[in-house]
Amino acid sequence: MKPSTPRPIHLKDYRPPAYLIDKVDLDFDLDPIRTRIRSRLSVRPNPKASARREPLRLDGEHLELDEIKLDRRVLAKKDYKLTDTSLTIPKTPSKPFTLEITTFVNPQANKALQGLYRTSNVYCTQCEAEGFRRITYFLDRPDVLASYTVRIEADPNEAPILLSNGNLLERGTLDSGKRHYAVWRDPFPKPSYLFALVGGDLAPIASSFRTMSGRLVDLAIYVEHGKEERAAWAMDSLKRAMRWDEVRFGREYDLDVFNIVAVSDFNMGAMENKGLNVFNDRLILASPETATDTIFEAIESVVAHEYFHNWTGNRITCRDWFQLCLKEGLTVFRDQEFSGDERSSVVQRILDVRQLKTHQFSEDAGPLAHPVRPETYIEINNFYTATVYEKGSEVVRMIQTLLGRENFRKGMDLYFERHDGEAATVEQFIRCFEDASGVDLSQFRLWYSQAGTPELVCALRYDKAKKKAELEVEQVLPATPGQAHKKPMHIPLRLGLLGGNGHDVALKLDSGEELADGIVSVTKRRQTFRFVDVPSRPVPSLLRNFSAPVNVTIDLPDRDVELLMAADSDLFNRWQAANSFATRTLVEITRLLAQGKQTARGARYAKALGATISTDALEPAYRAELLKLPTQADIARVIGKNVDPALIHRAHRRLAKLIGRTLGPLLEDIYGAMAEDGPFSPSAESAGRRALRNAALTLLTAQWGPRDITRLSRHYFKATNMTDRAHALFLLAAYGGAESARALDDFYARWKGDHVVVDTWFAAQAQSPLAGTLKRVEALTHHPLFALTAPNKVRALIGTFAATNPVQFNRPDGAGYAFVAGHVLMLDRMNPQIAARMLGAFRSWRALESGRRGQARKALQRVARAKNLSSDVQEIVSKMLEA
Ligand code: BES
Ligand code: ZN
């Protein structure tokens, strides 16, 4: 909660800080309700700031100020000015000076989980983006880089483990064992948001890593006692990530230690604090019995992501928070590449594109749309979005596509060389690629400033006599809030032309140029690409490997789509063809359902799908992706207006049933063939077999006949790992009835003692499309294991209901909206960041049919009218209701 009225911050107003802080000495005296923090700052006027001497204004919130000394002299009340958010010292020396500030905070009472807080008796900090100001008064902005020395003192019984950034200098006991302390020093200058401290009774698993230059780094992961074995996969992932960054980007780790701590209450997934990453424990703890393959995968990628930040984010940080994509988009790109290299690159690409479309495309199409680099914000916490992350990653990927891998690497090398130790901007980043490759990226820069998903409207014409094919491309740039008109963008379009036999035709432009990589640059509003020597009417395969975050529309007959599904040499596009065929089919079924009519397209799609997935040459994980239908949210996004989620749900069920019936024997074969009885392996291959088997099961049992339910129940009770067990649990919970209750009760009995695993039990119930779900979810908010102060619980129950239960969240009577809105208001009093995230579930409300739209508006207006809203929720709700 920001105590004063929030004001928007603008990129164009950026000014360098008036003062710099070179050295920070912190001394923490940990206490659950009254922790004392002494801070000693080496401050000097910034030579690069305006010559006029300005007062020193430090950020600070929710702090109890005890004392300030300037060059050892205690300041009197009249020497400074204190507000709810700042401490200003009007008169400062013109030379470097020392400021000593003592503050008190109450970690136990901190439910916002920003700054210093307690979770399961562990002291822990979260400072990104602006949490450091809840610990002490400081220039809490990313362009102020200092080296930190941190002394932590605590009760050794309560907090035997004391950690901070960097290397351990010293530790010892005091007061004949009543207190103890540790001193940590981080030699790398860093912004305050990368500061971290942990104190608690935790158990380490230790290992080490030999870097490419031969240095030995001590690695440790700290978890709850008794759960050490469950951290093995995270440790393994960490070492693979460290090696990968050396091989792929030439980046070596720099400190002597790398620590990870898993905590149970955490606003985000994980945080990249220098040398001391802090993780949500659900993204560290995994064993075959407790974690699904999806969680194993997520652990691998998040551990890698936070580790990769050491170079992209920490060594080179952001000048200001508008540059957030500079570290987040780039680091997502790096973790996606890592996962692709460790696993199957095409399957990884499919997963990433699915994620992009579901979250980012819908964000970009609604009231919360913003550019990859926003130009204004009220609360920066609201800008850790799919656009900054996922689209930000796509923008980096497009640079790699346009430059080629080799030049891209040169650009990255130059970036590291030029900006190491600095707080950089997007312009500086782009400049490195231009300088390294000679490619002009001036038009490309628009990807950072123009919001909205471009649409490429394409048409292909073929002249048989001249053997010429013409691809006409028009780019349509939809208006977004504050951006009515847009300039044409530079869009890399990777394509192929398939001859009648399904083979690629050589791509020769009429200019004589041969396209070895199949990439053309779309730079104008309308453009035509002419290909010569095309022997027969080709089938275009567009946007191969999803070469740009755009929507492509082209009118292709079903048989062309079928050819792409069966034969495209680009495996990503085979999947894309199947996915757009399924989407088209679902949209059509939805439309016809409203008119009480039927279509034959479903059967045709099922057949084409059957032909593609029976190809044994395709790996199981890939075939599993083919078998997954587009989500109901995806269909809603494509329909775009007057959306009726109940109809989409019915259409979705209908198509699943039809595929199950049509492909029954094939799906049976798969279900049998993919069974494994050897020991569990989290490898991509084994996970792929499980994914394919479970995808087959979903469709096989889609009729929901008694035999299907028995089969699901058997799948549940016979499961030897969480992937199979959770899959069956979600399907049973969706069906309801006695078998569902039996599985849910069993799951609860097994896992009620495990705060991570029990979240699956909450989520399975919240996702059920049954009519009684809302009542059940309401009741579960009073369950003894539920707590509004625990973000994972809120996400599992309320988040799952709002984001992945389209039918019940969008009840025509508005009760789903009212429930979520009511909880947003309750949450806002303790954790505004989580409250604002939950409110995001309404982001597509304007696309709903009028009845639901009215109900959703009512719920949003109720939030907007509430008193004392946080700036987080205030900003989101007002954008949602604007225009
Ligand atoms: N720096 C972020 C964590 C963060 C986000 C802190 C917002 C404060 C506010 C971290 O690197 C991150 O991006 N974490 C992601 C997971 C990642 C794999 C995309 C997260 O927590 O969801
Ligand atoms: Zn990140």
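Predicted model, so just to flag it, every value in this text is computed and none were measured. Just so you know, ligand 1 is whichever comes first in the structure, and atom 1 is the first atom listed for that ligand.
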Taking the basic N atoms (NZ, or NE/NH1/NH2) and the acidic carboxylate oxygens, is any pair closer than 4.0 Å for Glu130 and Arg133? yes
Looking only at distances, can you tell me whether any N or O atom of His305, backbone or side chain, sits closer than 3.5 Å to an N or O atom of ligand 1? yes
Per-atom contacts of ligand 1 with Gly269, taking only distances under 4.0 Å to non-hydrogen atoms: 20 (C), 21 (O), 22 (O)
Ignoring angles and geometry beyond distance, decide whether Glu272 reaches within less than 3.5 Å of ligand 1 through its nitrogen or oxygen atoms. yes
With heavy atoms of Tyr389 as the reference, note each atom of ligand 1 found under 4.0 Å away. 2 (C), 5 (C), 12 (C), 13 (O), 19 (C)
Please determine which of Phe249, Phe429, Phe408, Phe338 meets the ring pair (Phe, Tyr, Trp, His ring centres under 6.0 Å) test together with Phe333. Phe408
Can you list the ligand 1 atoms lying under 4.0 Å from a non-hydrogen atom of Gln126? 6 (C), 8 (C)
Is the Lys NZ or Arg CZ of Lys111 less than 6.0 Å from the centre of Tyr117's six-membered ring, within 45° of the axis? no
What class does the angle between the rings of Phe546 and Phe361 fall in, given that below 30° is parallel, 30 to 60° is tilted and above 60° is perpendicular? tilted
Can you find an N or O of Asn381 that's nearer than 3.5 Å to an N or O of ligand 1? no
Return yes or no for this condition: an N or O of Asp335 is under 3.5 Å from an N or O of ligand 1. no
Can you find a non-hydrogen atom of Ala270 under 4.0 Å from ligand 1? yes
Inspect the contact between Arg373 and Glu427 and indicate whether a charged nitrogen and a carboxylate oxygen are less than 4.0 angstrom apart. yes
Atoms of ligand 1 less than 4.0 Å from Lys327 heavy atoms? 1 (N)
Please report whether ligand 1 has a polar contact with Met271, defined as an N or O pair separated by less than 3.5 Å (distance criterion only). no
Here the atoms of ligand 1 under 4.0 Å from any heavy atom belonging to His309 are 11 (O)
Is the shortest distance from a Lys or Arg side-chain nitrogen in Lys357 or Asp634 to a carboxylate oxygen in the other one below 4.0 Å? no
Salt-bridge contact Asp245-Arg334 (side-chain N to carboxylate O under 4.0 Å): yes
Just wondering, is there an N, O or S atom on Glu272 that's nearer than 2.8 Å to the Zn ion (ligand 2)? no
Nearest neighbour of atom 16 (C) of ligand 1 from the list Gln114, Gln833, Glu306, on a heavy-atom basis: Glu306
Please confirm whether the ring centroid of Tyr148 lies under 6.0 Å from the ring centroid of Trp184. no
Pair Asp420 + Arg315, salt bridge at N-O below 4.0 Å: yes
